[in-house]
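These figures come from a predicted structure and were not determined experimentally. Labels below follow one simple rule: chain letters A, B, ... track the order of the sequence lines, proteins then strands, and each chain is numbered from 1.
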Amino acid sequence: VDHVERQLAGAIGSASARVMVASVAQEERLGLDDVIDILDEASQVRAYARALEQTSSELREANEQLKSLDRMKDDFISSVSHELRTPLTSIRALAELLQDTPDIGPAQRDEFLGIIVAESERLGRLVSQVLDMAKIEAGMAEWHCEEVDLRALLVAAVKSTAELFRSKGVEIEQQLPDAVPPLDADPDRLTQVMLNLLTNAAKFVPAASGRVEVRLREDGDGLVVEVADNGPGVPEAERATVFDKFRQGGDQLDRPPGTGLGLPISRQIVEHLGGSIWLEHEADGGACFAFRLPFQPARRETQ
Amino acid sequence: MTRVLIADDEPNIVVSLEFMMKREGYEVLIARDGVAALEAIRSGRPRLVLLDAMMPGMSGFDVCQAVRADAELRDTLILMLTARGRETDLARGIGVGADAYVTKPFSTRELMQKVRDMLA
């Protein structure tokens with residue numbers, strides 16, 4: 001009897017076991033206290049069950065999040081790997097062909113060498129972008145802040161991407177005030193942000209009928225820059241994550257080339273300078289990336 | 001003359017592959033995306049396709065699958081090229097019926113040897 005009672009106690013609680021064993025084996029009568037004890041135990045068991053359920057659902061959720069982060073990392077590594085290998089493929093193949101074809105014609109040789117140089121530059125840009133991201137993330141980036149004339153910086157950035165827009169037949173318009181007060185910021189990093197936004201716009205606007213507008217205005221104690229395009233805009237589902245790392249517009253096979261790092265890097269730079277960056281929508285459905293920087297930032301000390 | 005289709009959306013990779021194939025004496029067709037590749041396979045009937053896995057619109061995997069599903073095109077030789085060095089890609093390439101699978105960047109000599117072997 002003791003043995004049975006111990007076994008039962010393990011399974012259904014000691015009060016329940018005692019009562020059950022008592023009423024079956026020793027024909028004892030059930031008292032009110034016994035019933036209350038059973039109810040207590042039962043509600044405790046239910047509470048444990050609920051807590052367990054809660055914990056396991058939290059674990060399930062955390063597990064899903066980890067899995068999705070893992071998938072994103074995997075996609076990111078795969079897309080960075082593709083972006084890095086593609087220029088390297090042309091460089092290696094054409095260099096080997098030059099090496100193995102001593103009697104190659106001068107025009108062909110010049111074409112190959114031109115491609116090798118251009119693809120090396122492309123590869124260099126990609127490598128520095130990936131390294132930049134890693135450096136900023138690790139808080140190891142160097143910042144050189146000084147007085148910056150943002151208007152002049154925008155004009156220079158537009159000028160340096162002019163060829164990109166011209167070759168695609170895209171019109172670029174600048175709406176800038178005659179002068180703006182200077183910012184305390186890192187001009188090279190800001191140029192990087194502008195180039196990211198401009199090349200993004202160039203990538204997404206339609207060839208020949210594309211139009212991009214760069215706007216600058218004073219806003220309280222800072223300046224707001226907008227880069228608006230008449231491309232397809234950012235799909236609803238991607239708007240919330242467009243500045244996240246590892247994310248890139250379009251599906252895996254049908255997206256424009258890029259590491260998916262341009263916007264995350266831009267956000268880190270703008271936030272480091274005490275500002276914010278966001279996405280708006282144009283009346284015609286195009287995307288408008290905007291950022292605001294304060295004249296005198298209370299910079300985050302992330303170094 | 002043996003006809004080879006080059007299907008890749010990277011113009012500079014096409015330049016190198018085209019040079020290699022022509023130097024070897026093959027007739028070359030070119031497609032810049034998956035849909036154009038499938039059309040070129042149907043209309044041009046190349047003996048071999050150098051097929052990039054990741055192209056806009058229709059991927060190389062999709063093209064390969066479509067070719068294998070078509071009784072008339074089934075014996076087209078397919079060499080898949082990919083710049084994503086993932087094991088799963090290789091498995092996927094073989095899974096959809098590619099005859100060979102080469103990762104980018106490739107050695108031009110090795111690739112040429114593979115092409116010669118396949119066409120022998």
Side-chain angles (χ1 to χ4, degrees), chain A residues 70-71 73-105 107-123 126 167 203-204 207 248-260, chain B residues 6-25 32-35 37 50-65 80-93 96 102-115:
Chain A
D70 219 41
R71 269 193 299 276
K73 271 198 173 153
D74 199 35
D75 281 353
F76 169 72
I77 287 168
S78 150
S79 112
V80 167
S81 141
H82 179 266
E83 291 310 312
L84 294 176
R85 282 165 197 256
T86 297
L88 193 57
T89 303
S90 304
I91 294 168
R92 177 172 180 187
L94 294 171
E96 283 182 9
L97 293 175
L98 284 171
Q99 192 180 35
D100 290 347
T101 321
D103 57 339
I104 195 166
Q108 189 101 64
R109 194 197 58 210
D110 287 350
E111 187 197 0
F112 284 10
L113 288 173
I115 295 174
I116 290 172
V117 170
E119 293 286 26
S120 304
E121 286 167 359
R122 174 179 169 192
L123 190 57
L126 282 162
S167 66
K203 229 186 290 185
F204 286 99
Q248 197 190 21
D251 66 29
Q252 189 74 16
L253 294 163
D254 189 18
R255 63 191 186 188
T259 47
Chain B
I6 297 166
D8 201 311
D9 60 326
E10 275 292 324
N12 292 335
I13 293 177
V14 172
V15 168
S16 65
L17 291 173
E18 185 182 8
F19 181 83
M20 286 165 68
M21 296 304 131
K22 283 189 171 160
R23 191 180 58 178
E24 199 67 17
R32 305 276 181 197
D33 60 57
V35 176
L50 301 177
L51 183 62
D52 180 33
M54 228 168 113
M55 286 184 291
M58 188 180 191
S59 78
F61 299 112
D62 297 337
V63 172
C64 189
Q65 214 156 14
M80 294 253 308
L81 290 160
T82 181
R84 296 195 303 171
R86 278 203 296 199
E87 293 292 314
T88 48
D89 274 14
L90 193 141
R92 199 170 156 203
V96 292
V102 171
T103 54
K104 294 177 182 175
F106 48 80
S107 141
T108 48
R109 289 175 209 170
E110 280 171 28
L111 181 68
M112 213 50 249
Q113 194 51 52
K114 198 156 228 166
V115 168

> Which of residues 113-120 of chain A have a heavy atom under 4.5 Å from any heavy atom of chain B?
Replying inline: A:I115, A:E119

> Any donor and acceptor pair, going by atom type alone, linking the side chain of A:T86 with main-chain N or O of A:E83 inside 3.5 Å?
Replying inline: no

> Do the side chain of A:T101 and the main chain of A:I104 share a donor and acceptor less than 3.5 angstrom apart?
Replying inline: no

> What pairs with B:R32 under salt bridge (Lys or Arg N to Asp or Glu O under 4.0 Å), at least two apart in sequence or on another chain?
Replying inline: none

> Can you name the salt bridge (Lys or Arg N to Asp or Glu O under 4.0 Å) partners of B:R109, sequence neighbours left out?
Replying inline: A:D100

> Considering all heavy atoms of both residues, which atom of B:I6 and which atom of B:L17 are nearest to each other, and what is their separation?
Replying inline: CD1-C, 3.6 Å

> With A:F112, which residues qualify under ring pair (Phe, Tyr, Trp, His ring centres under 6.0 Å), at least two apart?
Replying inline: B:F19

